[in-house]
Amino acid sequence: MELRELKIDEFETYAQKSILGNYCQTTGYAKLMEQNGYNCLFIGLIDEYNHTIAASLILVKKIDFFYKYAYAPKGFILDYSNKELIEIFTKKIKEYLKKKRIVFVKINPEIAIAEIDRKTKQKKYNWNIEIKNYLSDLGYIKLKDNIYFEAKFPKYNGILHLKKFDLKTLDKNTRNKIKRSQNKGLKMEKATPNDLPVLYEFIKRKKDKSLSYYQEYFQAFDRTDMDLFLVSLNTSEFLNNSKKNYDEEVKRNNHYILELNKNKNEKKLNLKMNSDQNLLNYKNDLLDAQNKIKKNEKIYIGGALVIKYKNRINIIMSGYDKNYKRFNPNYFLHYELFNYYKKNYAFADMNGLTGNFKKENPYYGLNEFKLGFKPKVYEFIGEYDLPISPILYKFYLKNGKLAKLFNKKNLKKTD
């Protein structure tokens, strides 16, 4: 068998056919990473019949003046259940990368080793757990578990089956928030790359990325593979709904007053207090809507960037204006996105959860938000380093160079 560099069309054909093919193993992602300082290689393992039986996009970057490291985003594309194939590919790639002064290669295969029950949070492991042993036996070093968002990609993820997606199947709290957002007059619209600055205002505090980084996505990927959506507030509809909600709540509030005058009890008092709060909220909505009508403003309050690859959509980033949190724009946005894509795509990648499902988790709200859409929740195999030069790898590990290279700033909490 021979390991060699592939032509772009050879690589794309193989990746498209593989079950492990993903948007990070594409020429588009290679172009994006080239704009961020990486050199890119497309390599493949060719058998005696001239068939590609394993392949990978390899990103290469300098550690210092002399040496480099390599990264296979979301892992090599091969059959990980075939221990012999992994062994051959590992041996060949070590020989190949050593000639290029590469110290190690990092992988994070998109292999689910467990499904997590949404209610009990218990893990049910599958046979893929054995792959951890295969990799360990071949010299791959398992890195620290990515419980939160410390690594390049989340270790835990929600994958939604779009063909089964329906409002009736969602968590009750999620359904209610979606319905309330619809009553506020929110609309989702498909935007253009020129509108990226609007989305960036909602996401710039979540990640240490510049606006130009997200603009580079559109430069790297084919325009047909990417979508940008924005959520706007229809001020006229918002005004009408606010009037309607306010008038209906006034009637309910008057009814609760009459009931309390007849017979006071804790239940009736709580109903009256909740109604008072609703009245205040609707009154504020009414004033807000009237002001926006006067100014003839079009208000954007949320948005998302989506990549489509094969039968899956990947939500790269989403965000909303916290001043309009009471409108539940993130719930509305995701509901509309899933409905928009479910006719032509099978799955939606919700872009990660944390592995800590306890209420003390600072990302608890984010977890609950995504779980409310009833996705399948998976634990992936995680990150591994394969030392090409073990002595140099230990040296850079010990002097803190690798920690500095891969240190990620904590993401801000959201829901």
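As a basis for the values below, the full set of heavy atoms in this structure was taken, side chains included, without hydrogen atoms, waters or symmetry mates.
The distance between the ring centers of Phe369 and Tyr331 falls below 6.0 angstrom. Between Phe332 and Tyr335, the ring centre distance reaches or exceeds 6.0 Å. Ring centers of Tyr320 and Phe202: at least 6.0 Å apart, outside the cut-off.
Around CD of Glu87, the count of heavy atoms belonging to other residues, nucleotides or ligands within 6.0 Å does not exceed 12. Environment of NZ in Lys283: sparse, with no more than 12 heavy atoms of neighbouring residues, nucleotides or ligands closer than 6.0 Å. Within 6.0 Å of the CG atom in Leu287, the count of heavy atoms belonging to other residues, nucleotides or ligands exceeds 12. Atom CE of Met1 is surrounded by more than 12 heavy atoms from other residues, nucleotides or ligands within 6.0 Å. Within 6.0 Å of the NZ atom in Lys61, the count of heavy atoms belonging to other residues, nucleotides or ligands exceeds 12. Atom NZ of Lys244 has 12 or fewer neighbouring heavy atoms from other residues, nucleotides or ligands inside a 6.0 Å radius. For Lys394, the NZ atom is loosely surrounded, since the number of other residues' heavy atoms within 6.0 Å does not exceed 12. Remark: Glu84 CD is loosely packed, at most 12 non-hydrogen atoms of other residues, nucleotides or ligands lying under 6.0 Å away.
With sequence neighbours excluded, the residues that form a side-chain contact (heavy atoms from CB on, under 4.5 Å) with Glu360 are Lys358.
Salt bridge status for Lys98 with Glu95: absent, with no side-chain N to carboxylate O gap under 4.0 Å. Between Lys155 and Glu379 there is a salt bridge, since at least one side-chain N of the basic residue sits less than 4.0 Å from a carboxylate O of the acidic one. Note on Asp137 versus Lys83: salt bridge recorded, some NZ/NE/NH1/NH2 to OD/OE distance being below 4.0 Å. The residues Glu12 and Lys17 are annotated as not salt-bridged, no charged nitrogen and carboxylate oxygen being separated by less than 4.0 angstrom. Using a cut-off of 4.0 Å between Lys/Arg side-chain N and Asp/Glu carboxylate O, Lys152 and Glu383 are scored as not salt-bridged. No salt bridge links Asp247 with Lys243; every basic N to acidic carboxylate O contact stays at or beyond 4.0 Å.
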Open item on the list: Evaluate Tyr134 against Tyr80 for side-chain contact (heavy atoms from CB on, under 4.5 Å), listing each step before the verdict.
Closed with: CA-CA 9 Å; Tyr134 296 172; Tyr80 285 88; over 6 Å; no
TODO: Any chance you could lay out the side-chain contact (heavy atoms from CB on, under 4.5 Å) test for Gln16 and Tyr309, step after step, and finish with the verdict?
DONE: CA-CA 9 Å; Gln16 280 282 349; Tyr309 184 74; 3.7 Å; yes
TODO: Kindly indicate, with the supporting measurements, whether the criterion side-chain contact (heavy atoms from CB on, under 4.5 Å) is fulfilled by Ile53 and Leu78.
DONE: CA-CA 7 Å; Ile53 57 173; Leu78 53 75; over 6 Å; no
- [ ] Walk me through it: do Tyr363 and Leu353 pass the test side-chain contact (heavy atoms from CB on, under 4.5 Å)?
- [x] CA-CA 8 Å; Tyr363 296 94; Leu353 299 97; over 6 Å; no
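Ring pair Tyr217/Tyr214 is parallel by interplanar angle, where below 30° counts as parallel and above 60° as perpendicular. Between His334 and Phe373, the angle of the ring planes lies from 30° to 60°, which puts this pair in the tilted group. Using cut-offs of 30° and 60° for the angle between ring planes, the Phe104 and Tyr69 rings count as parallel.
For Asp385 and Tyr393, the side-chain atoms include at least one donor-acceptor pair closer than 3.5 Å. Using modelled atom types and a 3.5 Å distance limit, the side chains of Tyr340 and Asp227 yield no donor-acceptor pair. The closest side-chain donor-acceptor pair between Glu110 and Tyr378, if any, does not fall under 3.5 angstrom. Between Asn126 and Glu115, the side chains place no donor N or O within less than 3.5 Å of an acceptor N or O (distance only, hydrogens not considered). Glu249 and Asn253 form no side-chain donor-acceptor contact under 3.5 Å, judged by distance and modelled atom types alone. No side-chain donor-acceptor contact under 3.5 Å links Tyr364 and Asn356. Remark: the Thr192 side chain and the Asp195 side chain contain an N/O donor-acceptor pair separated by less than 3.5 Å. Under 3.5 Å, the side chains of Asn323 and Asp321 contain a donor-acceptor pair of N or O atoms. There is no side-chain donor-acceptor pair under 3.5 Å between Asn157 and Asn351. With hydrogens and angles left out, the side-chain atoms of Ser81 and Asp79 include a donor and acceptor closer than 3.5 Å. A donor-acceptor contact under 3.5 angstrom links the side chains of Glu130 and Asn133, judged on distance only. Checked by atom type, the side-chain pair Tyr282/Asn278 shows no donor-acceptor distance below 3.5 Å.
No side-chain donor-acceptor contact under 3.5 Å links Thr174 to the backbone of Leu170. Ser18 places no side-chain N or O within donor-acceptor distance of the main-chain N or O of Ala15, the cut-off being under 3.5 Å. Of the possible donor and acceptor atoms, none in the side chain of Asn330 sits under 3.5 Å from a partner among the backbone N and O of Asn328. Distance alone, capped at 3.5 Å, places no donor-acceptor pair between the Lys209 side chain and the Lys204 backbone.
Within the cation-pi definition used here (under 6.0 Å to the ring centroid, within 45° of the axis), Lys106 does not qualify as a partner of Tyr71. In this structure, Arg101 forms a cation-pi arrangement with Tyr67, its terminal cationic atom sitting closer than 6.0 Å to the ring centre and no more than 45° off the ring axis. For the pair Lys92 and Phe89, the cation-pi criterion (under 6.0 Å, within 45° of the ring axis) is not fulfilled. In this structure, Lys74 is positioned above the aromatic face of Phe153, its NZ or CZ under 6.0 Å from the six-membered ring centre and within 45° of the axis.
Shortest non-hydrogen contact noted between Leu57 and Pro73 is O-CD, 3.5 Å.
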